[in-house]
Amino acid sequence: MARWEKEKLVVDSTPSPITKKQLVHDLKAIGVQPGDILSVHSSMSKIGWVVGDQVTVIEALMEAVSERGTIVMQAHSTGNSDPRNWNFPPVPEKWWETIRREMPPFRPTITPLRNIGRVPELFRTMPGVLRSNHPQVSCTAWGKHAKRIVKVHDLTDSYGDKSPWGVLYRLGSKILLLGADHESNTALHYAESKIITPETPKQITGAAIIQGGERKWVSWEEVKYNSDDFKELGAAFEKSIGYEITKVGQADSRLLPMRELIDFAIDWILQNR
Ligand SMILES: CC(C)(COP(=O)(O)OP(=O)(O)OC[C@H]1O[C@@H](n2cnc3c(N)ncnc32)[C@H](O)[C@@H]1OP(=O)(O)O)[C@@H](O)C(=O)NCCC(=O)NCCS
């Protein structure tokens, strides 16, 4: 399908254009407050046709939390990884060494995002937005707590306490799923990171980074994080607190407290996996 045909489907399903004013109104109605720390996952096409595209979505989020608030988005660049673990698509084994040798190193200012949407891709380039230093699963942040959130991102602790997720948990962040569902709810990996045992499946991964001013390919062992049951887990959490999905624009959306979600998720994973 051509790009414009996909956009036409969005136009055809939108009764009237979605404006920044409406988005700010809807964000307040779902519970966003000035000063909030929001970790956002989005699907812009689900919102309905937005006047001004992703610029409008981001500026509405910033207005809703105000200059006292903080916005965080994922900036995944998962293509910078060991090709031995690639499934979407896999590549021939005889390519692996070339890929490891030639992969450009992660650089926070230029490395583009992969499969995560237009909103975070623009967000990472906006004035005042900072990016954590992880070659595969970095976070971007704007606002009051941005510096603190992106400061530490340990290579071998993608989603754990030595990553932005530990800071977001401690600060009492809210998770906003804007047309996205729990499959994209990266915070749930933080719950997985809290219950690692010697039996937890692990794999060798790698990435090209800059170390000591030079490009290097580095390898490390990491937990095999798994989002296969996140939809089920998210639904169980929503049921437990009687949460009702709310529209932002036309998008089914959720605003959830991270601490409660993670504490629930830890117990749920221990009981259900
Ligand atoms: C993958 C994903 C981003 C796809 O959603 P999407 O709505 O198709 O894509 P985007 O959010 O990039 O929005 C762009 C689409 O909006 C539509 N669009 C174009 N102009 C638009 C406008 N003015 N208003 C609304 N939608 C518009 C187009 O269909 C466009 O598709 P295209 O980029 O292929 O042309 C989404 O399903 C998702 O998973 N989001 C969460 C990602 C995440 O945070 N993951 C965490 C790590 S697992």
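Side chains are part of it too, since the values below use all heavy atoms of this structure and drop only hydrogens, waters and symmetry mates. Ligands are counted one by one from 1 in listed order, and the atoms in each one are counted from 1 as well.
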Donor-acceptor pairs under 3.5 Å, side chain of residues 55-63 to any protein atom, not counting sequence neighbours: which ones?
from, atom 1, to, atom 2, distance (Å)
T56, OG1, V51, O, 2.5
T56, OG1, G52, O, 3.4
E63, OE1, K20, NZ, 3.2

Counterpart residues, ring pair (Phe, Tyr, Trp, His ring centres under 6.0 Å), relative to Y190 (two or more places apart) = Y169
Would the number of heavy atoms belonging to other residues, nucleotides or ligands and lying under 6.0 Å from CD of E5 be above 12?
-> yes
Side chain H134, main chain Q136, donor-acceptor under 3.5 Å | yes
E232 meets the salt bridge (Lys or Arg N to Asp or Glu O under 4.0 Å) criterion, sequence neighbours left out, with none
Could you verify whether a donor N or O on one side chain and an acceptor N or O on the other, from T70 and H145, lie under 3.5 Å apart?
-> no
Would you please write out the protein residues whose heavy atoms approach any atom of ligand 1 to under 4.0 angstrom, listed by chain and number?
-> R3, K6, E7, V10, H41, S42, S43, M44, S45, G48, W49, V50, D53, H76, I116, G117, R118, A180, S184, T186
